[in-house]
**Student:** 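Below is one structure. I have some questions about it.
Below, all heavy atoms of this structure are taken into account, side chains as well, without hydrogens, waters or symmetry copies. Here, residue 1 is the first one in the sequence, and each next residue gets the next number.
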Amino acid sequence: MANQKPLLSKFLSFLLLSLSLSLWGHPPLVMAKEVIPVGVVLDLKSPVGRVAESYMSMALSDFYAVNDNYSTRLSLLTKDSGNDIIAAASAALDLIKNEEVQAIIGPQRSAQARFVIELCRISQVPIISFSATSPFLSPSQNPFFIRTTQDESAQVKTIVDIVKAFGWREIVPIYEDTEYGNGLIPYLMDALQEIDTRVPYRSVIPPSSNNTEISEELNKLKANHTRIFLVHMTASLGSKLFVLAKNAEMMSEGYAWIITQGLSSLLDPMGSKVMDSMQGVLGIRPYLLPSKKLKDFERKWKRNLTSIKTRSKTTTSLNLFGLWAYDTVWALAMAVEKAGIVHSSFLKQNASNSNVDLAALGILEIGTKLHNTILTTKFQGLSGNFHLVKGQLEPSAFELFNVIGRTERIIGYWTGNRGFSLDLNDTSEEAYSTSKDKLKQPIWPGYTTDQPTKLRIGVPIRNSFEEFLKVEWHSSTDDKPSISGFVIDVFHAVQDALPFPLSHEFIPYVNKHRQSNGTYDELLYQIKTQRYDAVVGDITIVANRSLYVDFTLPYSESGVSMVVLVKDDDNKNLWIFLRPLSLNLWLTTSVAFIFTVQRLQPTFVDVKEIKRKGYLVGYQKGSFIKGLLMKQLDFDESKLKPYETPEEYHEALSKGILNGGVAAAFGEIPYIKLFLAKYCSRYTMVGPTYKSDGFAFAFQQGSPLVPYISRAILNVTQDQEKIGPIERKYFSSQTMCEDQRTTISSHSPSLGVDSFGGLFLITGITSMVSLLVYVIKFFFSHWPTLSDKNTATSFCSKLVEMAKLFDQKDLSSHHFKREESRVHDAGSPDVFQPSPSIDDMQNHSRNSTEGTNDVIVHDDNRSLSSSSRHSDASMQDKRLLSKFLTFLLLSVSLWGHEPLMAKEVIPIGVVLDLKSQVGRIEERYMSMALSDFYAVNDNYRTRLTFFTKDFGDDIIAAASAALDLMKNEEVQAIVGPQRTAQASFVIELGRKAQVKAIADIVKAFGWREIVLIYEDTEYGNGLIPYLMDALQEIDTRVPYRSAIPPSSSNTEIIKELNKLKENYTRIFLVHMTVPLGSNFFVLAKNAEMMSEGYAWILTAGLSSLLVPISSKVMDSMQGVVGIRPYLPPSKRLEDFERKWKRNLTSIKTKTKSTTSFNPYGLWAYDTVWALAMAVEKAGIVHSSFLKKNDSDSNVDLAALGIFEMGTRLHNTILTTKFQGLSGNFHLVKGQLEPPAFELFNIIGKTEIIIGYWTRQRGFSKDLNDNGEEAYSTSHTQLQRRDLNH
């Protein structure tokens, strides 16, 4: 009734106006409205489709209620396409051809939209989609396509900022294998690479997957240790995934799940079971700006639900896609009025009467004008500001939410200008933020606020040197120990220096008794087994450990040295002064220079002496030093004793070599310093320092954290304000002890007077003996003289006289002239030579070898002489005559017998682009294949017959050709269309096999960055995700992807080349078809990018079609490296080549493009043989089409008949195996088994083969070498050529 009142009011107003005009003598004025038919293609069985239909109906009503004066009226003609691409195409075709709609809204899904876009391109009917969000569908590359929603790539920056905010270094995308799902991945991979977040695995799930298949994939994900997932799916598959993920216990603590906007915008219609399985999920979706208009609509929507027969949750929810559909109708209605569309019609393109000629659609005469008008339409819609930029909706803000209970809890917002914020209405000018502090605390799966996937850091257990690392439990029930020490403080300082948060937990490496669970090597190996993500401790960088972990830069000094005892009782030895000097030195040096200190007197100074005398030595228990002593210093294991604590070291050294002790103890310098600090002046560090790389942190191989942690270590260790306090905190006693050694005190063990007692004793005895000898000699010489002179003199008087004589100077015997001192050179004492360092003992040499194999040059220019051709012609005539006589004799012999069995003719459609090089070659090769096959298999009951259609380079023409073949010719198989055929049989080569070979080339030459240049088509885009995966595995970055549309002009390509030239990366991979690739290289040469310093690699597609390329193009490709499938030589292939060249005489136009020996032609040849074999094997006789329905519509594509033998023939083809011209024909998962690849270098006008690649051996110079060699990615296995300029 509420709706009837406005209608009644309008009717009465109109009646009164007419009456008043008639009374004044005027005729009644009724403005006729121009009805504009608009097609709508939706899946009315889906929640989005049902909601969108209702919203658009309301939009039409609301718009003309406000704009009643408009001269135009939209009329919506809705078609239900279901979830079927053919049904969507059929619906669009019907709307264009029969209803002559002026625009189409829809179809709903990206995969459906692709074909409809082509139909609208031909008919110039604008197609407007509010839900086809795949970035592969670009409005700028598809004329007449308009997207009134955001494409999926708009949300990528938001997703990446979330990953960055929570410090996640790895994430696994889980997405559906559709155009919608695949479209986001290249953009996502690029953005994640920019923040150095790895994608270790991509989980691709087809929409048709059953629960068992999805559960298997989830179990595979669970077996890995990545716990961060990004889900990019539609609601139907996404809801199933989360229910199964909960059953697999993957929605528990430690996991994090993010959902993209497609799924986030459709949570309301989901059932309670699904919502219960999504607790803790983090989602993003476009922000809806609240407005009065939106609130009024919501109230009206709920009131109008009373008129909806089925009141289900799927149709009652206020839905974002529905709002975009609502705004689409308003925008189209405005544009139609503004464009002045009156009596518009279709111009017939041609007079084709075929009911399947899709290319014969009429052209909407005002299509371009309407399209351009829509693009410039602006207004404030229900979903926000309606403003199209480059043919699609301008990205808005995003809101972030957390699924808690049955609701979505908003935790923050994101905009391109400010990053994260808690309030969009805050107008303060803040810097761009990716801090999680700008968001509310999320509640993660398991209903916890603890951030998922904390870095699991293993920590060793030490019972000694606790200054470095100390792990202690305060009670037996305490689960989380206290972990401290120098190492931990350094790690925290490094953590603070990182540009992102690093959530972590320390996990002691202990057994059930809380004791050490193994050696340091065993602890590090737990990283490889993925028990830990990293190890933090006093971990020494050692070469063999780097085989399974990646080390950061060291945070401590390096080196291994030897500690020995200093004899404490040497200072009481009367003869210690003799120690420092040799016998020769004693003969020339004065006693006055003999001063020494005890510190220079270790018990041993040379490792060789200890080893020669067989003394025991100690080492640190559980460390790598045992291996160093045995392998590098050649100690016998029986002479090695492990010790753990400083006390044990002290006891072993102090015992001495005679009491079961050790002669020396080996340790790392940081430990030795702590030991010497505790036992000051009792021991000393002697001998050489054996080099090691110090202490570092260890991570998983390939971890993106390593460069960040290393840079942060430098930041900390080179800043004394950061590292100084940490060192003083733990090692202050070491400094004190070193200070004490510089002070001599009474308690000092320095040499005292008593230490020189022996010297004093020798001096005293020598002096007394000398004096006694002199006195005796003096008395003997002077006493007789005194006695003779005066015999009466007393004895005392004689002594006095003797004293006087002693005191007199004897001038004859004393010298009063000084003589110059003569100092004679003495031999230098022996000097102990240091033992060699570890580096000196580990000399490795690398031998590079160059290939000596002959250069292989393909030359297809051999020709036959005219005489040989005449000879061949005569031979053919003879063979034909022979066959005819044989047939005649056979007929006579069978006279009176049953007639020969009739052959079953099997119609086969062939759809090719006969204007292209590949198409012409394939057609000829297939014709020869048919002839050759039945010449060999004449006894077969079946015969293939080809119906060939030329579709040019047009998708619609190809579809029209295929439709005609199925509907009118009832073909039983179709070979082609050409570009699809290439994908069908070479998709494995293009996507999976060749990317490994390409990655190995990049690895072989050590390139760390490479730019991908590819054409913006399905062929070009299809390779990129696989290639980026392979390059990520070898840690090679893709700093930029250059996607070039096939329709690009020279100016546009040159502009892109200049952009590439400005970058520093000079390594390029080109993935294009021949037309675009040829033009690209000519322009690259003009831009001076084919010069020294650049390297270019071609993928298999372009590499396989070089022969027909002109000399100008080949000149521009000098030095390029290519990869293409290897064609194994065989007698059969040689015979075919000769026959092919003979048959060229029957070709009217003998061009290079049709005479080339081509791998695509060989694949086409083998395809015919495979199909002929399968048809015979499947027993296809009198097969027909079953009519699907009785539709008389000439555009009902879904009404095609069903080939009753189709499934059987399909399965038979899949199991067909034989040796074809191109090699082994063996389909794996419906695709050709990858062969080997050959690598070549373009030099001059030829391709020089430089090597081969196989999955089993990697690179090799000769595929015929059957030697069992290890897998090689070394460029030495390639012949030396100009691999780059």
**Student:** I want to check something: taking the side chain as every heavy atom from C-beta on, are Pro481 and Glu472 in contact at a cut-off of under 4.5 Å?
**Tutor:** no

**Student:** Go through the steps to decide whether Val510 and Trp473 satisfy the test side chain to side chain contact (heavy atoms under 4.5 Å, CB included), and finish with yes or no.
**Tutor:** CA-CA 12 Å; Val510 295; Trp473 284 267; 3.8 Å; yes

**Student:** Run the side chain to side chain contact (heavy atoms under 4.5 Å, CB included) test on Tyr509 and Arg531 for me, step by step, so that the C-alpha distance in whole Å, both residues' side-chain angles and the decisive distance to 0.1 Å come before the verdict.
**Tutor:** CA-CA 10 Å; Tyr509 184 51; Arg531 177 178 177 182; 3.7 Å; yes

**Student:** Of all heavy-atom pairs between Val542 and Phe551, which one has the smallest distance, and what is that distance?
**Tutor:** O-CE1, 4.0 Å

**Student:** Using the salt bridge (charged side-chain N to carboxylate O under 4.0 Å, His left out) rule, pick out the option among Lys613, Lys611, Arg612 that qualifies with Glu609.
**Tutor:**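 Only one of Lys613, Lys611, Arg612 forms a salt bridge (charged side-chain N to carboxylate O under 4.0 Å, His left out) with Glu609, namely Lys613.
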
**Student:** Determine yes or no for a side-chain-to-main-chain donor-acceptor pair under 3.5 angstrom, with Asp533 supplying the side chain and Arg456 the backbone.
**Tutor:**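 Such a contact is found between Asp533 side chain and Arg456 backbone.
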
**Student:** Quick one: CZ on Phe731 to CZ on Phe486, what's the gap to the nearest 0.5 Å?
**Tutor:**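 It is 5.0 Å, given to the nearest 0.5 Å.
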
**Student:** Can Ser623 and Glu668 be counted as having a side-chain donor-acceptor contact under 3.5 angstrom?
**Tutor:** no

**Student:** Can you tell me how far apart CD (Gln718) and CD1 (Ile713) are? Round to the nearest 0.5 Å.
**Tutor:** 11.5 Å

**Student:** Show the nearest heavy-atom pair for residues Asp489 and Lys729, with the distance to one decimal.
**Tutor:**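 Taking every non-hydrogen atom into account, OD2-NZ, 3.1 Å.
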
**Student:** Please say whether more than 12 non-hydrogen atoms of neighbouring residues, nucleotides or ligands are located less than 6.0 Å from NZ in Lys641.
**Tutor:** no

**Student:** Closest approach of Leu616 and Gly660, non-hydrogen atoms and distance?
**Tutor:**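 What the structure gives for the nearest pair is CD1-O, 4.4 Å.
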
**Student:** Tell me whether Ser503 contacts the main-chain N or O of Gly167 through its side chain, where contact means a donor paired with an acceptor under 3.5 Å.
**Tutor:** no

**Student:** Can you tell if the side chain of Leu502 reaches within under 4.5 Å of the side chain of Ile709, non-hydrogen atoms only?
**Tutor:**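 Yes, close enough: below the 4.5 Å cut-off.
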
**Student:** Does any non-hydrogen side-chain atom of Phe666 lie less than 4.5 Å from one of Ser561?
**Tutor:** no

**Student:** Nearest 0.5 Å please: distance from the NZ atom of Lys722 over to the CG atom of Asn715.
**Tutor:**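 Taking NZ in Lys722 and CG in Asn715, the distance rounds to 3.5 Å.
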
**Student:** Without placing hydrogens or testing angles, list every side-chain donor-acceptor pair under 3.5 Å for residues 695-707, not counting sequence neighbours.
**Tutor:**
| unit_1 | atom_1 | unit_2 | atom_2 | d |
| --- | --- | --- | --- | --- |
| Gln701 | NE2 | Ser546 | O | 3.2 |
| Gln701 | NE2 | Leu547 | O | 2.9 |
| Ser703 | OG | Leu705 | N | 3.2 |

**Student:** Give a yes or no on whether the backbone of Thr540 and the side-chain of Arg545 come within a donor-acceptor separation of less than 3.5 Å.
**Tutor:** yes

**Student:** Do Tyr525 and Tyr548 have side chains that get closer than 4.5 Å, going by heavy atoms?
**Tutor:** yes

**Student:** Could you tell me whether the side chains of Asp521 and Thr519 share a donor-acceptor contact shorter than 3.5 Å?
**Tutor:**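 No - no donor-acceptor pair under 3.5 Å links their side chains.
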
**Student:** May I ask you to check whether Ser1274 and Thr1276 show a side-chain donor-acceptor distance below 3.5 Å?
**Tutor:** yes

**Student:** Which of these, Val471, Val459, Leu455, sits in a side chain to side chain contact (heavy atoms under 4.5 Å, CB included) with Phe506?
**Tutor:** Val459

**Student:** With a 3.5 Å distance limit and no angle check, can you tell me whether Gln526 reaches the backbone of Glu522 through a side-chain donor-acceptor pair?
**Tutor:**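 Answer holds: yes.
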
**Student:** Looking only at the aromatic ring of each residue, does the gap between the centers of Tyr643 and Phe675 stay below 6.0 angstrom?
**Tutor:**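 Aromatic pair excluded; centres sit 6.0 Å or further apart.
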
**Student:** Please name the pair of heavy atoms, one in Leu469 and one in Gly537, separated by the smallest distance, quoted to 0.1 Å.
**Tutor:** CD2-CA, 4.4 Å

**Student:** Do Tyr690 and Gln632 have side chains that get closer than 4.5 Å, going by heavy atoms?
**Tutor:**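 Tyr690 vs Gln632: side chains apart.
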
**Student:** Any side-chain heavy atom of Tyr683 within less than 4.5 Å of one from Tyr649?
**Tutor:** no

**Student:** Under the 6.0 Å and 45° cation-pi test, does Arg169 pair with Phe500?
**Tutor:** yes

**Student:** Out of curiosity, Leu772 CG to Ser767 OG, how far, rounded to the nearest 0.5 Å?
**Tutor:**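 So the CG of Leu772 and the OG of Ser767 are separated by 12.5 Å.
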
**Student:** I'd like to check Asn517 versus Ile461 (side-chain heavy atoms, cut-off strictly below 4.5 Å). Are they in contact?
**Tutor:**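 Heavy-atom side-chain distance check fails, nothing below 4.5 Å.
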
**Student:** With side chain to side chain contact (heavy atoms under 4.5 Å, CB included) as the criterion, how do Tyr520 and Val535 come out once you've worked through the C-alpha distance, each side chain's angles and the decisive distance to 0.1 Å?
**Tutor:** CA-CA 10 Å; Tyr520 276 38; Val535 168; over 6 Å; no

**Student:** Which heavy atom in Pro508 sits nearest to a heavy atom in Tyr532, and how many Å separate them?
**Tutor:** O-OH, 3.8 Å

**Student:** Give the minimum heavy-atom separation between Arg682 and Leu565, together with the two atoms involved.
**Tutor:**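 Closest approach of Arg682 to Leu565: O-CD1, 3.7 Å.
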
**Student:** When you measure from the side chain of Ser556 to the backbone N and O of Gly694, does any donor-acceptor pair fall under 3.5 Å?
**Tutor:** no

**Student:** Would you confirm whether Asp606, through its side chain, and Lys608, through its main-chain N or O, come within 3.5 Å as a donor-acceptor pair?
**Tutor:** yes

**Student:** Mind checking the CD-NZ spacing from Glu467 to Lys470? Nearest 0.5 Å is all I need.
**Tutor:**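 Taking CD in Glu467 and NZ in Lys470, the distance rounds to 9.5 Å.
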
**Student:** Phe468 pairs by ring pair (Phe, Tyr, Trp, His ring centres under 6.0 Å) with which of Tyr671, Tyr555, Tyr730?
**Tutor:**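 Testing each of Tyr671, Tyr555, Tyr730 against Phe468, the sole residue satisfying ring pair (Phe, Tyr, Trp, His ring centres under 6.0 Å) is Tyr671.
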
**Student:** I would like to know whether Lys626 and Phe635 meet side chain to side chain contact (heavy atoms under 4.5 Å, CB included); could you show each step before the answer?
**Tutor:** CA-CA 9 Å; Lys626 180 179 180 181; Phe635 272 95; over 6 Å; no

**Student:** From Gln720 CD over to Ile726 CD1, what is the distance, rounded to the nearest 0.5 angstrom?
**Tutor:** 10.5 Å

**Student:** Looking at side-chain heavy atoms only, is the closest gap between Gln495 and His504 below 4.5 Å?
**Tutor:** yes

